[in-house]
Amino acid sequence: METPLAGNTVLVTGGAGFIGSHLVDALAPDNEVRVLDNFSNGTREHVHEEATVIDGDLRNPMDIQRAARDVDVIFHQGAVVSVSESVDAPRATNEINLEATLDMFEQARLEDARVVVASSAAVYGHPVEVPITESARLEPTSPYGVQKLALDHYARLYNDLYGLETVALRYFNVYGPRQQGPYSGVISTFLEQARADEPITIEGDGEQTRDFVHVDDVVRANLQAATTDAVGTAYNVGTGTRTSIGELATLIREVTDSSSRIVHRDPRTGDIRHSVADISRAGDRLGFEPLIDLETGLRGLVSSSKRTTAAAGADDDAAGQGGDTPEPVGTGE
Ligand code: UD1
């Protein structure tokens, strides 16, 4: 991947996680990369070998201080990404998702570093209209969304009040290799079901829509945010294309060559009906353009997990055990 950022010292928090580890892969060839992760959800094997790993906790200001020393750019991806966990524990998740972000901003001021921070489409809650622009109503429906909204506002404020260079990226439904953990998105769930020839379970009528954006496009947006002059604001990161969950189920059956049945169960309580990004601001000011359409992304995902499976099988064969270990699935921001 073409990297506009080179010769810098950068910190990626959550750099062992889903999005963070892909970002590290893109940055490592041309930059000095540090990763701060507590491996609660991340995986050590996913961290690029040239990155320096700091096994630390976002709740510990000393770890933040150590990790951010002399950096030029901080990509703050570390967070509790589970919406349901935030509903169960608003206070505890706020500590990680919001308070630690404030510590990060404070440290960035001392270091005079730019901060690119992971926000979320969750800041919008139930949209009044689609596609959603950045100036749409902000009414989150979960503590997670409130935490992301607060950090998104703080990013702008730190730029306005203190001149800190900040950019907030509002991720829509991100998918790609290495998504893992107990909180797994619909794509990884459907892929697992299709591979196991189990029924693909649509919640509700399947007419609800989402904007699925490939992690490589999300990485591109981060790299552009790291070098743009248009700081102090938030950008939607999606594709601008809406896909219904029913269409997704059919597409997944196709790309996996599966004969799984598609079944419906009760809709999810409080589910967002339609969500799709208006990405014109990111296009105009960052030069952001998503390059991977859903079908191409899904086909890539299927073949990359086949390669992982084959490699795991080969390793196990070498150990005399055989085996078939699929790529773990789940989510992360
Ligand atoms: C996503 C984000 C979340 C963010 C929110 C903001 C992911 C994984 N989550 O949630 O962090 O806060 O956007 O709007 O990207 N579904 C099924 N069958 C399944 C699983 C899901 O039909 O087995 C349906 C759900 O009911 C939902 C849709 O698929 O309508 C997407 O679900 P999910 O992948 O969990 O993401 P969001 O709810 O959009």
Side-chain angles (χ1 to χ4, degrees), residues 14 17-19 41 77 79-87 90 93 97 118-128 130-132 136-152 169-176 178-196 198-215 217-218 234 236-239 242-253 260-277 294 297-298 301 329-333:
F18 165 43
I19 298 173
N41 201 30
Q77 307 290 318
V80 177
V81 298
S82 162
V83 173
S84 59
E85 199 174 326
S86 81
V87 172
T93 51
N97 289 348
S119 182
S120 168
V123 299
Y124 299 113
H126 294 280
V128 180
V130 288
I132 308 170
R137 184 184 68 180
L138 301 167
E139 214 164 283
T141 55
S142 64
Y144 173 81
V146 171
Q147 292 153 12
K148 288 289 177 179
L149 179 54
L151 71 78
D152 187 303
L169 298 178
R170 295 177 182 166
Y171 300 155
F172 280 67
N173 289 64
V174 187
Y175 71 100
R178 303 180 189 161
Q179 237 178 346
Q180 66 179 29
Y183 176 67
S184 136
V186 63
I187 289 189
S188 36
T189 305
F190 281 3
L191 275 176
E192 269 201 344
Q193 291 171 332
R195 284 201 201 100
E198 284 167 5
I200 296 176
T201 51
I202 294 179
E203 294 166 351
D205 62 8
E207 297 296 317
Q208 69 269 44
T209 55
R210 291 294 186 273
D211 185 337
F212 295 104
V213 57
H214 193 275
V215 67
D217 283 326
V218 172
N236 286 341
V237 178
T239 63
R242 66 188 85 173
T243 306
S244 76
I245 299 305
E247 284 163 357
L248 176 71
T250 308
L251 193 54
I252 287 199
R253 238 166 55 130
S260 287
R261 283 183 310 127
I262 295 176
V263 299
H264 291 260
R265 59 181 184 205
D266 288 346
R268 189 184 285 182
T269 313
D271 193 32
I272 306 274
R273 191 66 179 160
H274 297 295
S275 167
V276 61
L294 184 58
L298 289 177
L301 194 49
V329 289
T331 191
E333 281 182 356

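Atoms within a ligand are numbered from 1 in the order they appear, just like the ligands themselves. Treat the numbers as computed from the prediction; the structure is a model and nothing was measured.
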* To do: Only heavy atoms count here, so choose which of Asp271, Asp266, Thr189 is nearest to atom 30 (O) of ligand 1.
  => Asp271
* To do: Ignoring hydrogens and angles, state whether a donor on the side chain of Glu85 or Thr93 is under 3.5 Å from an acceptor on the partner side chain.
  => no
* **N or O pair under 3.5 Å between Asn173 and ligand 1** => yes
* Student check: side-chain heavy atoms of Pro140 and Val146 closer than 4.5 Å -> yes
* To do: Counting heavy atoms only, name the option from Glu203, His126, Arg210, His274 that's nearest to atom 39 (O) of ligand 1.
  => Arg210
* **Interatomic spacing from CG in Leu191 to CD in Gln179 - rounded to 0.5 Å** => 9.5 Å
* Asked: How does Val186 reach ligand 1, if at all, at less than 4.0 Å between non-hydrogen atoms: by side chain, backbone, both, or neither?
  -> both
* Asked: What distance do Ser275 atom OG and Ile132 atom CD1 have between them, rounded to the nearest 0.5 Å?
  -> 4.5 Å
* Structure fact -> Contacts of Arg261 meeting salt bridge (charged side-chain N to carboxylate O under 4.0 Å, His left out) (sequence neighbours excluded), chain-then-number -> none
* Answer with yes or no whether Phe190 contacts ligand 1, where contact means a heavy atom under 4.0 Å from a ligand atom. => yes
* **Ligand-side contact atoms (ligand 1) for residue partner Val83, heavy atom cut-off under 4.0 Å** => 12 (O)
* Structure fact -> For Ile245, the ligand 1 atoms with a heavy-atom partner under 4.0 Å come out as 22 (O), 28 (C), 29 (O)
* Check each of His274, Arg242, Glu247 against Thr209 using the side-chain hydrogen bond (donor to acceptor under 3.5 Å, both in side chains) test, and report the only one that passes. => His274
* To do: Answer yes or no: is there an ion pair linking Arg170 with Asp152, defined by an N-O contact shorter than 4.0 Å?
  => yes
* Structure fact -> Taking only non-hydrogen atoms of Ile202 and a 4.0 Å limit, the atoms of ligand 1 in range are 22 (O)
* Report yes if some N/O of Tyr144 lies less than 3.5 Å from some N/O of ligand 1; otherwise report no. => no
